[in-house]
Amino acid sequence: RCIAASASSPAAATKATTEVPAQMKAWVYDAYGDASVLRLDGAATVPAVGEDQVLVKVAAAALNPVDAKRRAGKFQATDSPLPTVPGYDMAGVVVKVGSQVKSFKEGDEVYGMISEKPLEGPKQSGSLAEYTAVEEKLLARKPAGLDFVQAASLPLAVQTANQGLERAGLGAGQSVLVLGGAGGVGSLTIQLAKQVYGASKAAATASTAKLDLLKSLGADVAIDYTKENFEDLPEKYDVVIDAVGQGDKAVKVVKEGGSVAVLTGAVTPPGFRFVVTSNGSALEKLNPYLESGKVKPVIDPKGPFPFSQVVEAFSYLETGRATGKVVISPI
Ligand code: NDP
C-alpha cells in the first residue's frame, strides 16, 4: 500500500524501492500451548529473502485450524523449530525480490499460502507479521476486484477445496456432499463444485442458522445436522468431502465407485486423506472465477480482527463455529 500511495507522486517513477526495516511487529510463541502462548513482539526480525523468494508487506492474514493445531504442538515431529511466527495465509504488497524471481516485482499485490507443505517444515516466520518471505512459486496475483481481506481469506482454504475435489475426481454432472459446508473450506468447496467442476447437485451440512448461507453458496440441498443424520438419508453421492471428521459416516453415503476425501479425523476405506499443498500457478488458475464473482470469499462477520486481537481471533476460530474465514486486518 505504501507503493500504491507513492505512485501518484512525481518521484515515484524513479524511486520504487520501499524502505524495509530490520525489525517488525509479529505474533510469536516460544512454547506449544493454547492461545495464551501467543505474544506480540515489537522487535521481531524481518525474514531474509532467498533468491527464489519475495518479501511481502502483509496487509491481511487469515487463520486456519492448522495454525491452532500446530500451536498446540500436534505436528511437533515435523514442525519448524520454536519460536514460531504462526500463519499460512496472507495478502499484501511485494517490497523486495530475490535475484532469481521472474514473475513478480516491487509493488505487485499478491496473495498465497506461504509454506508449500503446511505440516512438513512450515516456515518459522509466518504471515501473522508485518513482513513475510515467500517463494514466488507459492504466490499469485491478487485477484482484481478483491480487497486484501478477501484475498487473504482464500489461499489455504480454496486450495484445499480445489485439491479435494480434484483428487476425488468430481466430474461435470456428478453429485457431491460437503460435510461442514459453512466453514472456511466447506464454503469454498460448495462453490467450486458447482462453478468450476460443474457438479449437477451439491448438498452440504451445517447447523440451523447457517442453512441459508449454504443455499446462497449454491448448495441444492442444505442438511441441518441438528435435526437429521445425513448418513440416514436415502441419497447417495458420487463424491463426499469431509471437512468435519466424520469419515466413518461419510463412506455410508457414497455411491459404489465414488470417492470420499477426508480432511481431518480418522479415515475409513474407501475414504482417503490428503494434505493441501501450496501452488501459486494453481491459485492463479482460480483467479478468473474470483474476478468474475462466480466464486466469492466468505468472511466471518465477527471479523476482520485488528492485528492487536490475534488471541481473540484464535479463540474464536477454536470454537469451531466460525462462518467462512477468520481474517486479521489491518496489519
Ligand atoms: P472451520 O473452523 O472454518 O470450520 C468451522 C465450521 O465447521 C463451522 O461453520 C461449523 O458450522 C462447521 N461444523 C462444525 N461441526 C460440524 C458438524 N458436525 N457438521 C457440519 N458442520 C460442522 O474449519 P475449516 O473449514 O478451515 O477446516 C475444517 C477441517 O479441515 C479442520 O479440521 C481443518 O484442520 C481441516 N483441514 C484440513 C486440510 C488438509 O489439507 N487436510 C486443509 C484445511 C483444513 P456449525 O456452526 O453450523 O456447526
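Computation of the quantities below employed the complete heavy-atom set of this structure, encompassing side-chain atoms and omitting hydrogens, waters and symmetry-equivalent molecules. Remember, it's 1-based here, ligands and their atoms both numbered in the order they're listed.
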- Is it true that Lys236 and Glu256 make a salt bridge, defined as a side-chain N closer than 4.0 Å to a carboxylate O? no

- Would you say the side-chain atoms of Asn279 pair up with the backbone N or O of Ala282, donor to acceptor, closer than 3.5 Å? yes

- Query: Is the shortest side-chain N to carboxylate O distance from Lys201 to Asp220 below 4.0 Å?
  - Reply: no

Dump all N/O pairs between ligand 1 and the protein below 3.5 Å as a table: atom names plus distance, one pair per row.
| from | atom 1 | to | atom 2 | distance (Å) |
| --- | --- | --- | --- | --- |
| ligand 1 | 3 (O) | Gly184 | N | 2.8 |
| ligand 1 | 9 (O) | Lys210 | NZ | 3.1 |
| ligand 1 | 9 (O) | Ala322 | O | 2.6 |
| ligand 1 | 11 (O) | Lys210 | NZ | 3.4 |
| ligand 1 | 15 (N) | Arg321 | NH2 | 3.4 |
| ligand 1 | 25 (O) | Gly184 | N | 3.2 |
| ligand 1 | 25 (O) | Val185 | N | 2.9 |
| ligand 1 | 32 (O) | Lys69 | NZ | 3.0 |
| ligand 1 | 32 (O) | Thr264 | OG1 | 3.4 |
| ligand 1 | 34 (O) | Lys69 | NZ | 2.8 |
| ligand 1 | 40 (O) | Val276 | N | 2.7 |
| ligand 1 | 41 (N) | Leu263 | O | 3.2 |
| ligand 1 | 41 (N) | Phe274 | O | 2.8 |
| ligand 1 | 46 (O) | Lys210 | NZ | 2.6 |
| ligand 1 | 46 (O) | Arg321 | NE | 2.8 |
| ligand 1 | 47 (O) | Ser207 | N | 2.8 |
| ligand 1 | 47 (O) | Ser207 | OG | 2.5 |
| ligand 1 | 48 (O) | Tyr225 | OH | 2.3 |
| ligand 1 | 48 (O) | Arg321 | NE | 3.3 |
| ligand 1 | 48 (O) | Arg321 | NH2 | 2.9 |

- Item | Pair Arg141 + Glu291: basic N to acidic O under 4.0 Å | yes

- Note on the structure: The complete set of side-chain hydrogen bond (donor to acceptor under 3.5 Å, both in side chains) pairs with one or both residues in residues 33-44, sequence neighbours excluded, reads Asp30-Arg39, Asp34-Ser36

- same_hphob_cluster(Leu188, Leu211) at 4.5 Å side-chain heavy-atom cutoff: yes

